[in-house]
Amino acid sequence: MNRILVWFRRDLRVADHEPLLRAATRGLVVPVFVFDRALVHHPETGSARVAFLLAALQALEADLRALGGRLIVRSGDPVQVLPDLVQTTQADGIYAYTDVERIYGRVRDARLNAALAQRGMKMRWFEPPASVDTAMAYPQYRELWHRDMGQPLVPTPQQVSVPPEIPSDPLPTLAALGHQADGKPIPPASTAAARTLLQDFLAEKADRYYWQLSYPSAEATTGLSPHLKFGVISVRECVQTVRRAPDHGDHRLRRSHQQLISRLRWGSGFTQRFRYLPQLELRSLYPVFDDDGWAFDPDLYQAWQTGHTGYPIVDAAARCLLATGGYLALNFRTRAIYASFLSNLGGLDWRYGALHFMRHLIDGDCPIDHYQWAMQAGVTHCVDKTWTRIYNPGQVAVDRCDPEGEFIKRWVPELADVPPQSLGHPPTLSGYPAPILNYKTARQRRVKQLEAQRRPFLNASNLQPFLATLPDDLTPFGTEIHGGDVAWAAAPTATLFPPPLALETLGLEEAQALRTWFVAHVNILPSKGRRRPKAPAPDPNLRQLSLLDDQG
C-alpha cells in the first residue's frame, strides 16, 4: 500500500488541509512534525510562542488520533531527518504546503529538494490558497484572494491510517527545547478553540468591532491571531464562517464582518509580499533608508522596551506586550503608536522594534510583523505618499484610543489617580519618568529626513532600480544580541524555495505589477487626531481610518 509523509509546518490542523487529505486518500500516512533548532532558536523566536506551538501540536495529535492516526515527532535538521524517514518507512514521498515566512525556511526547503533529488526521492509541494508564484498586480491578487477563499473547504479525511511500527519521539517540554516560561498566559490552542473564539466574536463582539477596534480597553479583537499564525484554523474557514454569519439587516454587523475579512486578506497580502521579496525580513524595501544609517540610543531602547518613556500610552503598550504577548489586548492601533514612537520619534532602526515584538508576541508572524513595522517607520509602501503618519503619543493618542484611561491605568498603575484628560501629559509623580523626548522636535526632524530619503523614488513609475536586493549575508537580524542557531547562514546558498522574484531580470510588465503592491489604493488623509467618545454611535457613512487602509 502507498505510504506518504505529510510534513506539518504552519498548518497544524486536519481540516481544510489538502496534503493530508490527498495522502490519506492514497493509502497510509506518516504525519510528521520536526523540531528544527534553527527555528526553535532563531533570534526572533519567543518562548511564549513556542509554548503555544507545543499546545497546538498536542491538539493536532488528539485530532489525528480521533481519525485513527497519530503524530510522528522528530528533532533535527529536516534536510537530514525527512529523507531518512522516507527511507526507513519506505514511503513514496513527502507532501507539504509551501511556506515563505522565513528566509531560513526557504533556504532549508531548497536544500531539502536537492537532498531528496540526490537520493531519488519525491517531494510534492502544495500551494496554500491565495499564494501566487508569478508577479501579479495587487488589485488582481485581491480578486484572486476572494475567489480562493470562496472555494470549498478541503474535507477532513474520514480516516488517517499510520503504520503502527513507526516510532515517535515524545512531544518535548518547553524546557527541553531550551526555553523557559516567561509568565505570559497561553490561550487554548486547538481547532475547536479557534472555532469557539470565532463564534464568540460573531455573537458578542461583531456589533462593535468596526467602531471599537481602535480602543485597546474594549478588547474587540477576535483573539484568533495565534491560531492563524500556526494554521490551527485556516484563513479560508474563518472567511467562510464570517460570510455565512447573518447580519439581520444590522449595518454594524455587516461593517464588522467586512472589516474582519479585510484584515484576513491583508495578512495574506503581507505574506505574498514576502514571497516576492524575502529581503523584507532583513532590510528596508528601499536601501536608502538603511544606507543612511539609523541612530541608536540604548537608554531610549530600554525605556521603550520596558515601558518607561514618560508617554503613558506607549508605556502601557510596552508593559501589555511583556505581560500578555499582545495577541488579545494589544490591538493594531496601539501597536502602531508604540512602533511609531521608536522609529519615527526615537530614530531607531525599525528592525530593533520588530525583533522585540517577535520575541514577545504569541501571534508573531514575520511578514505581518516586519512589514507593518517598516510601514510605521515610513520606509515602505510610500512610493506615492507625500505625507508621513507619525502618531502623537501624548493627549491626542489618549483621546483617540483610550479616552477613559482604562488601558493606561491597567498597565501603568502609577497613574491611577490621574484624570483621563491629563494622561497624555501627566504631572510629575514619584516613580513615573518625565518624557524621554520632545514630540514636536523629534517629529519635525523625522519628517525632514523621510522627505529627503523618499525624494529619489517618489512617484517613480518603475521601482526596480530603487529596491533592495537579497543580501549575500542572510544572518538574521538580532543574532548579535540574542544569539541563535544560525550556522545555516554561513553556507553558500544558490537558491531559495519557493523562489523570489528575480529583480535583476524583471520585465517591464512584471515591474509595473510589483509597483502596485507598494502604493495606496484608497485616498487616506492624515488623521486630525480629534477626541472621540468611548463608544461612538454607529454611522453608516463612517469609514474607520485603519493603519492598513492603504492596503486596499
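Because the structure is a prediction, the values reported are computed rather than measured.
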Cation-pi geometry met for [X] and [Y] (6.0 Å, 45°):
{"X": "R147", "Y": "W145", "value": "no"}
{"X": "R10", "Y": "F230", "value": "no"}
{"X": "R273", "Y": "Y371", "value": "yes"}

Is any NZ, NE, NH1 or NH2 atom of the basic residue among [X] and [Y] found under 4.0 Å from an Asp or Glu carboxylate oxygen of the other?
{"X": "R119", "Y": "D84", "result": "yes"}
{"X": "R3", "Y": "D92", "result": "no"}
{"X": "R515", "Y": "E510", "result": "no"}
{"X": "D363", "Y": "R335", "result": "yes"}
{"X": "D290", "Y": "R351", "result": "yes"}
{"X": "R359", "Y": "E44", "result": "no"}
{"X": "D99", "Y": "R106", "result": "no"}
{"X": "R236", "Y": "D148", "result": "no"}

* Asked: Quick one: does R13's side chain have a donor or acceptor within less than 3.5 Å of a partner on D16's backbone?
  -> yes
* Asked: Would you say the side-chain atoms of K205 pair up with the backbone N or O of T222, donor to acceptor, closer than 3.5 Å?
  ->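 Side chain of K205 to backbone of T222: no pair is present.
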* Sort and list the pairs that fulfil ring pair (Phe, Tyr, Trp, His ring centres under 6.0 Å) and have at least one residue in residues 56-82, not counting sequence neighbours. =>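 Passing the test, one end in residues 56-82: no pairs.
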* Asked: Is the centre of the F52 ring less than 6.0 Å from the centre of the Y327 ring?
  -> no
* Would you check if R243 and M149 make a side-chain contact, meaning some heavy-atom pair closer than 4.5 Å? =>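 Yes. Closest side-chain heavy atoms under 4.5 Å.
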